[in-house]
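Following: one structure in structure tokens, then a few remarks.
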Amino acid sequence: MFNEKHRAKFNTVPPYSFELTVHKPAGWWWSTPNEIFENDVLWTTARFNTRLYGLRLHSTGTRLKQTVHCKIFSDKRMSSREKGDITCAVKRALRVEEDISEFYTIAQKDKILREPVDDLCGMRTPAWPELFPALILAVTLQMAPMKRSNQMMDLLIENFGDKICFDGRTIAHWPSPEKIAGLTAEELKAKAKIGYRAQNLISIAQRLREGFPTADILWKMSPDEAKKELMTLRGIGDYSADIVVPGMGFPLDVWSAKIFSILLFGKEPESPRGAIPELKKAAEERWGRWRGYAFVYVLNDLPRISKRLGVDLTHF
DNA sequence: GCGTCCAGGTCTACC
DNA sequence: GGTAGACCTGGACGC
């Protein structure tokens with residue numbers, strides 16, 4: 001039985017939008033695809049140190065002075081250390097303490113970002129509460145259209161995930177590394193239809209179980225160091241590492257390469273995959289360490305950017 | 001209905 | 001160090 005065991009309150013560095021941070025316009029979730037967001041309240045789940053918790057989050061105030069309120073639900077007693085650790089992890093994943101004023105200064109002078117930062121004022125980039133779900137996302141996005149990636153993720157959660165009931169809601173959560181590490185590739189392929197990715201996911205789960213740097217440790221590294229570490233995992237290359245790395249890289253795939261090629265160079269690339277290195281370089285030169293923010297703001301504002309440009313960027 | 005093609009990357013063998 | 005080819009699966013497409 002999951003009951004409320006702890007409460008916390010987070011002040012935010014303005015501008016901050018709780019709604020846009022946890023419930024992105026493009027449809028991305030904050031912790032699990034099955035979380036519920038209703039009337040500015042998020043019911044979600046997260047696993048810390050092998051234990052699953054229920055979270056109820058909501059905000060008060062305006063984007064210039066916003067507070068996020070968090071209730072933590074557990075089926076076991078929580079020590080004060082556990083409460084402190086989880087509170088820190090949730091706070092970090094909400095990015096409430098991040099000062100993005102430098103990004104806004106750059107964006108307001110930038111032809112591509114000027115309007116998206118107005119449209120999505122206060123939105124923060126993803127900072128996955130847990131490492132393994134972010135790696136599952138990256139692996140299932142590889143070589144597959146979005147519909148198929150969603151099918152793989154849904155089947156992984158349905159067949160190997162965990163479900164908890166708290167605060168009147170039932171939420172299904174991602175499988176644990178322990179669960180996936182114990183499966184055979186044949187079983188994973190048959191039940192989750194993830195094909196050749198099965199062996200990669202099992203290998204990643206085994207590395208995590210055997211002592212891969214935790215999210216805490218990765219956050220303490222420089223982005224380059226963390227990315228290098230992530231790329232030692234089987235099946236995690238440049239693109240996947242950019243999705244998972246703390247602070248968000250610039251994870252260009254052939255879909256987003258077409259969009260950024262139009263925005264940065266004014267035309268569709270002849271070879272989207274071939275254009276990726278050049279586009280990454282251009283983004284780094286233009287937006288520096290804020291390129292991850294540029295990526296997320298553009299891809300979450302495509303309908304409005306398309307309307308302004310008179311070019312449909314949503315059809316790729 | 002059936003066959004073919006290929007996708008929102010990564011790894012490996014080969015040069 | 002650069003690059004072609006293989007990799008699961010299922011949806012889209014042509015016939």
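Naming convention: chains lettered A, B, ... in sequence-line order (proteins, then strands); numbering from 1 in each chain.
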Closest to the A/Y239 side chain, choosing from C/dC8, B/dT10, B/dA7 | B/dT10

Considering only heavy side-chain atoms of A/W255, the closest of C/dT9, B/dG9, B/dG8 is B/dG8

Residue matched to C/dC8 through Watson-Crick or wobble contacts both under 3.5 angstrom | none

Applying a 3.5 Å limit to both distances, which nucleotide forms a Watson-Crick or G-U wobble pair with B/dC14?
-> C/dG2

Let me know, please, whether A/A144 or A/G235 comes out on the 5' side of the other along DNA chain B by nearest nucleotide.
-> A/A144

Would you mind checking if [Y] and [X] are paired as a salt bridge, meaning a charged N to carboxylate O distance below 4.0 Å?
| X | Y | result |
| --- | --- | --- |
| A/D162 | A/K179 | no |
| A/R51 | A/E82 | yes |
| A/R304 | A/E115 | no |

Roughly, in whole Å, what's the span from [atom1] in [X] to [atom2] in [N]?
| X | N | atom1 | atom2 | result |
| --- | --- | --- | --- | --- |
| A/F316 | B/dG8 | CZ | C1' | 13 Å |
| A/Q199 | C/dC7 | CD | C1' | 13 Å |
| A/I194 | B/dG9 | CD1 | C1' | 15 Å |
| A/L299 | B/dG8 | CG | P | 14 Å |
| A/N200 | C/dC8 | CG | C1' | 11 Å |
| A/I236 | B/dG8 | CD1 | P | 18 Å |
| A/F260 | B/dG8 | CZ | C1' | 13 Å |
| A/I243 | B/dG9 | CD1 | P | 9 Å |

Pick base, sugar-phosphate or nothing for [X], based on heavy-atom distances below 4.0 Å to the nucleic acid.
| X | result |
| --- | --- |
| A/D238 | sugar-phosphate |
| A/S240 | sugar-phosphate |
| A/L252 | nothing |
| A/L155 | nothing |

Would a distance-only check, ignoring hydrogens and angles, find a side-chain to backbone donor-acceptor pair under 3.5 Å from A/E98 to A/R95?
-> no

side-chain contact (heavy atoms from CB on, under 4.5 Å) between A/H173 and A/R47, intermediate numbers included = CA-CA 8 Å; A/H173 194 71; A/R47 197 188 309 273; 3.8 Å; yes

Looking only at side-chain N and O atoms, does A/K193 come under 4.0 Å of OP1 or OP2 in C/dG10?
-> yes

A/R148 side chain N/O closer than 4.0 Å to the phosphate oxygens (OP1, OP2) of B/dA7?
-> no

Straight-line distance of A/T45 OG1 to A/R169 CZ, nearest 0.5 Å | 14.0 Å

How far does the P atom of C/dG5 sit from the matching atom of B/dC5, given to the nearest Å?
-> 15 Å

Quote, to the nearest angstrom, the C1' distance that separates C/dG10 from B/dC11.
-> 23 Å

Find which nucleotide of DNA chain C each of A/R197 and A/K147 is nearest to by heavy atoms, and output the residue with the more 5' nucleotide.
-> A/R197

With DNA chain C as reference, determine whether A/Q151 or A/M143 sits nearer its 5' end, using the nearest nucleotide of each.
-> A/M143

